[in-house]
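One structure below.
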Amino acid sequence: DTAMLEKTFDPKTVEPRLYAAWEESGAFAPTDNPNAEPFSIVIPPPNVTGSLHIGHALNNTLQDVLIRFQRMRGKAALWLPGTDHAGIATQMVVERQLAEAGNMGRREMGRDAFVAKVWEWKAESGGTIVNQLRRLGASCDWSRERFTLDPGLSAAVRKVFVQLHKEGLIYRDKRLVNWDPHFQTAISDLEVEQKEVDGAYWHFAYPLEDGSGEIVVATTRPETMLGDTAVAVHPDDERYKGLVGKMVRLPIVGRLIPIVADEYADPEKGSGAVKITPAHDFNDFQVGKRHGLEAINILDAYGKINENAPEAFRGHDRFAARKMIIEQFEALELLRGIEKTRHQVPHGDRSGVVIEPWLTDQWYVDAETLAKPAIKAVEDGKTVFSPKNWDKTYFEWMRNIQPWCISRQLWWGHRIPAWYGPALSTDGDLDYSESALQIFVAETEDEALALAGAHYAAQGYDKRVRVLGSIQECRDGELQAGNELGLFRDEDVLDTWFSSGLWPFSTLGWPEKTSDLERFYPTHTLVTGFDIIFFWVARMMMMGIHFTGEVPFQRVVINALVRDQTGAKMSKSKGNVMDPLVLIDQYGCDAVRFTLTAMSGQARDIKLSEQRIEGYRNFGTKLWNATRFAQMNGCIRVEGFDPGAVTQTLAKWIRGETAKTAAEVTAALEACAYDEVANSLYRFIWNVFCDWYLELAKPILNGSDEAAKAEIQATTAWVLDQCLLMLHPVMPFITEELWEKTAEEGPARAGFLMSEQWPSYPADYIDGSAQAEIGWVVDLVSEVRSLRAEMNVPPGARIPLTLAGAGEEAASRLDRHRDLILSLGRLQSADLGEAPAGSVPFVIGEATGSLAVADFIDLAAEKARLTKEIASHDADIERVNRKLGNPDFLAKAKEEVIEENRTKLADAEAAKAKLGAALKRLEGVS
RNA sequence: GGACGUGUAGCUCAGCGGGAGAGCACCUCGUUGACAUCGAGGGGGUCACAGGUUCAAUCCCUGUCACGUCCACCA
């Protein structure tokens, strides 16, 4: 004897228990059956500092739905999880913690101690998000969990760097970078966010050296004038023709700078003359190059004015300096105007401070070269985007790609495997000046030493070469005495996205030829957000193709952005964030997952409302109670039950509906049409199985025909199992729990639901005549219910139904299902016969049904109803007649469309005639 | 400036060449054992606007308007 199911499902106790059981059993790992086809996805590694937000919840739910589906299909399904070391983000977190705890800062602490602190932090807090993924039910293979700073992944990073350097695809260059004065590091173009802010154009007059006048320039960044080295005008600008080649005296600074002619100057803008600051503006840098101008860097790493500016400004922040400059221009009576404006200003996406273009040496990847095969792979369909249109975004960026600055002046990350040594001057001195340094790129220090040794030996240097801690140590000491030569390693680390770019193959063991790499690379599907197509997807494509010769994934499924119910982006500052963990606590994980799945349409953002989650929580409850109903009615699974052999129409019908649903859901899952997956399941389980099948089954389950009852019991149990199987990928917990609960009776279960086989049925499970027959019963009952409600017939009143004009089939259907029709329609009788007086008619197929509701009938209301129905048929008739009367339509439309319209016309006319007759009778009565 | 996307019921969205759909909300009715986290019924839309293609347009094309996002640029 088994315990009855509780009235509702209790996610709080069930979820942790089931997850632990799954994980412990090893069910998340891919099967080791060598014949199983591999299916792999790699997780977009969340930042190790992260905590699960709603976007993660969506992205990982979709991945889990996919991987659970493929696993059930018998694939060797691998979902490889891991986290990203997240350079800036993590360094930020730990620095903030140090500050809050009143500890010394990272610079006082020193690099090694600080990095050790970060590792310590990672060991304590780095697992947060990984455990939150478990709460989401994510069936990742945790035994393969990776971290971007793992030894294996770090080795992959070094190998990639060295090889690309050898190939000339990584190089060091001095050019303008986006400099973040808060973090004092370079950042890539992608990490720069343009924000619109209030600003102004300040119009400054620069006096001509010869005293013959002035030239006016405008700027939004007055402080940069400290670094001006020219004024440019357009070569065709008549106003300035005579001035080109003359010199102006830069106010405040006193420097003489030339007026140059350059097409960059736009005569339409401002005065047509533009100040040129090559060291602090990307466009000006190019102008400077063309005219051989000096690039004077006036900022230090903190964004303060440096020693290249007049003393009064030194040490002042750029914005303070801006004010000072404006004041001085005003005082000098050289301020020619202020024009308020709103304009886009670059900000650091992490720091939020204004980014400065700054001239430094950095490492770059030749992205243009790497992008070519990556573009081609998508053009050739080796990797496809879903929805397809995202490939446009990908192409757009890839075809205009710029060199990728990969060095970061941070401590947390992969340190760049480059060592520097001095140049040897002819007299044997070691020259450690910046421009003279020799670069040795190698995977290890020993290799770098060997490279350097060979390099210097070739120049006749025969002393020892060794690695020291810094350039300072190299310059100091007795090295210069000529006894030995010091190398020092690059201080910088790599952009975090450099290692993420290797993720699909580095996590599988590359560069070792591991069996995982062999089996699971290329991965099948990447599920990710569009916001990281550039950051991540593009880079994986470039790196994957370059280093493995194959695309890293066959399909990129782009999921939407989750917004709040008003459509606003969720952000902590707006206070509109929905914490998925709170929602899981409140509604259960399955409800949250189902909601995200159902809302995951293709081309738009998801506006999430709690009501929606509540609704899907109710859906879970509905399934739970359907199971409870089945249990109470002895619907126990039967060993060897063959759904193909059922005899009753009702059983055949639900078998067919189940098969139809399975086909729909399978197709939708294959296409990653997640909303269709959810909607198909919802409709089938609630509207078909619960609303109709179980209601239709009740009379049989309560009846005395034991054979019929047994078949329905077995069928019901079977359908429920199919529901659990199909719903499992989306709602893993409640389905697994029901699987377990229903295992207590009937034949033993093999194991977890999650490890079961995905359903697929023979085509003949769908029986056309059963479909038609139950469809007819459903229509009949619906008509009866509708009329009763409209006529305000009291729910308890049992009324007679007659069917006139019924054909043989309808008559026999009525006979076969009379009990059902009586109970579902709350009827007294249901027989063939003419409509009695005081009855209301409805049309069912070729027949006319009549409900004898004389006691409740409201003549006026009934007339109105009939008139309205007739009018609606009339509208149909008119529209279809117009079509059929059009010779072009008859000549050009497809035959089946014409036939369809003829049928439609006949049906509408017949229905109209029946209702018209009834209306006439009614009018006769009154 | 460029690209992409979106305008369908009060709300959120599906449909996308031949009869306007779902969920929620709303209204009416219903508590004697699956489920009130429920059941039955119902109202509600010139499918943004204007042209065009077609026998036929919510659906395809062009344009307009509105909204969103991304990229670039603005001395």
Side-chain angles (χ1 to χ4, degrees), chain A residues 4-5 7-9 189-190 194 201-203 217-221 224 231-232 264-266 269-277 281-284 287 341 343-344 387 389-390 392-393 395-397 400 530-531 533-534 561 563 565 567 569 587 591 598-599 601-609 611-612 614-633 675-676 679 682-683 687 690-691 694-695 698 781-782 785-790 792-796 824 826 875-876 879-880 882-883 886-894 896-898 900-901 904 908:
Chain A
M4 180 72 67
L5 282 176
K7 221 170 167 181
T8 53
F9 172 58
D189 299 347
L190 288 175
Q194 301 292 338
Y201 291 120
W202 282 274
H203 297 259
V217 295
T219 179
T220 54
R221 293 185 297 153
T224 60
V231 172
Y264 166 65
D266 182 351
K269 277 187 192 162
S271 64
V274 56
K275 61 191 270 311
I276 301 297
T277 322
D281 183 282
F282 288 97
N283 290 312
D284 293 5
V287 176
T341 177
H343 61 148
Q344 302 279 336
N389 264 353
W390 286 111
K392 294 213 172 74
T393 304
F395 286 137
E396 175 67 18
W397 190 69
N400 298 297
F530 59 80
D531 50 331
I533 290 179
F534 302 149
L561 203 69
R563 296 167 176 279
Q565 58 271 39
K569 210 165 169 174
Y587 299 101
M599 303 299 283
Q602 296 265 291
R604 62 171 89 215
D605 293 339
I606 295 176
K607 292 179 189 134
L608 198 57
S609 84
Q611 249 181 359
R612 204 61 192 242
E614 197 181 328
Y616 290 126
R617 188 266 324 266
N618 297 353
F619 172 62
T621 307
K622 188 74 183 174
L623 174 68
W624 184 267
N625 278 294
T627 310
R628 201 158 164 262
F629 169 82
Q631 195 181 44
M632 292 168 130
N633 284 277
D675 52 340
E676 285 176 38
N679 290 335
Y682 186 94
R683 235 190 326 264
N687 303 124
C690 293
D691 286 351
L694 290 182
E695 293 307 317
K698 276 177 184 173
V781 170
S782 300
R785 283 173 170 172
S786 173
L787 270 186
R788 291 182 60 117
E790 269 182 81
N792 288 316
V793 177
L824 295 183
R826 300 198 155 225
D876 275 354
R879 187 171 38 76
V880 177
R882 236 192 341 260
K883 272 190 186 179
N886 179 350
D888 283 333
F889 175 73
L890 296 175
K892 295 183 182 173
K894 280 178 287 186
E896 64 258 35
V897 173
I898 296 171
E900 204 180 296
N901 276 281
K904 203 182 294 171

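Below, each value reflects all heavy atoms present in this structure, side chains not excepted, and no hydrogens, waters or symmetry copies. Chain identifiers are assigned alphabetically (A, B, ...) following the order of the sequence lines, protein sequences preceding nucleic acid strands; residue numbering begins at 1 within each chain.
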- prompt: Would you say the side chain of A:W624 lies within less than 4.5 Å of the side chain of A:T627, judging by non-hydrogen atoms?
  reply: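 Contact flag for A:T627/A:W624 side chains = no.
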field: Side-chain heavy atoms of A:R628 within contact of A:N625, under 4.5 Å
entry: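 Side-chain contact under 4.5 Å: yes.
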statement: Its dot-bracket string being built from Watson-Crick and G-U pairs below 3.5 Å, with | for another strand and [ ] for crossing, RNA chain B has the pattern ((((((((.[[[[.)..(..]]]].(((((.......))))).....[[[[[..)....]]]]])))))))....
- prompt: Start at the 5' end of RNA chain B and walk down; is the nucleotide closest to A:R628 or to A:Q611 reached first?
  reply: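 That would be A:Q611.
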Whichever of A:K698 and A:R785 has its nearest RNA chain B nucleotide further upstream toward 5':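 Per heavy-atom nearest nucleotide, the more 5' residue is A:K698.
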Which nucleotide in the set [options] lies at the smallest distance from any side-chain heavy atom of [X]?
X	options	answer
A:R612	B:U12, B:C70, B:C73	B:U12
A:R879	B:A75, B:A34, B:G19	B:G19
A:Y264	B:C55, B:G39, B:C74	B:C74
A:T621	B:A34, B:U37, B:C55	B:U37
A:D691	B:A75, B:C35, B:A40	B:A40
A:A626	B:A75, B:A40, B:A34	B:A34
A:A893	B:A14, B:C55, B:A34	B:C55
A:V274	B:A75, B:G19, B:A34	B:A75
A:K7	B:C35, B:A75, B:G39	B:C35

query: Centroid-to-centroid, A:Y587 to A:Y616, below 6.0 Å?
result: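 No: the rings miss the under 6.0 Å criterion.
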- prompt: Do the side chain of A:N400 and the main chain of A:E396 share a donor and acceptor less than 3.5 angstrom apart?
  reply: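 Judged by distance alone, yes, a pair lies under 3.5 Å.
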message: Taking A:A591's backbone N and O only, do any of them form a donor-acceptor pair with A:R617's side chain (distance below 3.5 Å, no angle check)?
response: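 Judged by distance alone, no pair lies under 3.5 Å.
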Less than 4.0 angstrom between a side-chain N/O of [X] and OP1 or OP2 of [N], yes or no?
X	N	value
A:K892	B:G17	no
A:S786	B:G42	yes
A:Y682	B:A22	no
A:N283	B:C74	yes

With a 4.0 Å cut-off on heavy atoms, is [X] in touch with a base, just the backbone sugar-phosphate, or nothing at all?
X	answer
A:K894	base
A:A265	base
A:T220	sugar-phosphate
A:D531	nothing
A:E695	base
A:F619	nothing
A:V217	nothing
A:T219	sugar-phosphate

Atom-pair distance ([atom1] on [X]; [atom2] on [N]), nearest Å:
X	N	atom1	atom2	result
A:D876	B:A20	CG	C1'	13 Å
A:R788	B:G42	CZ	C1'	16 Å
A:E790	B:C29	CD	P	15 Å
A:L623	B:C35	CG	C1'	11 Å

query: Do A:K392 and B:C4 have a side chain to base donor-acceptor pair shorter than 3.5 Å?
result: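 Answer no: no donor N or O sits under 3.5 Å from an acceptor.
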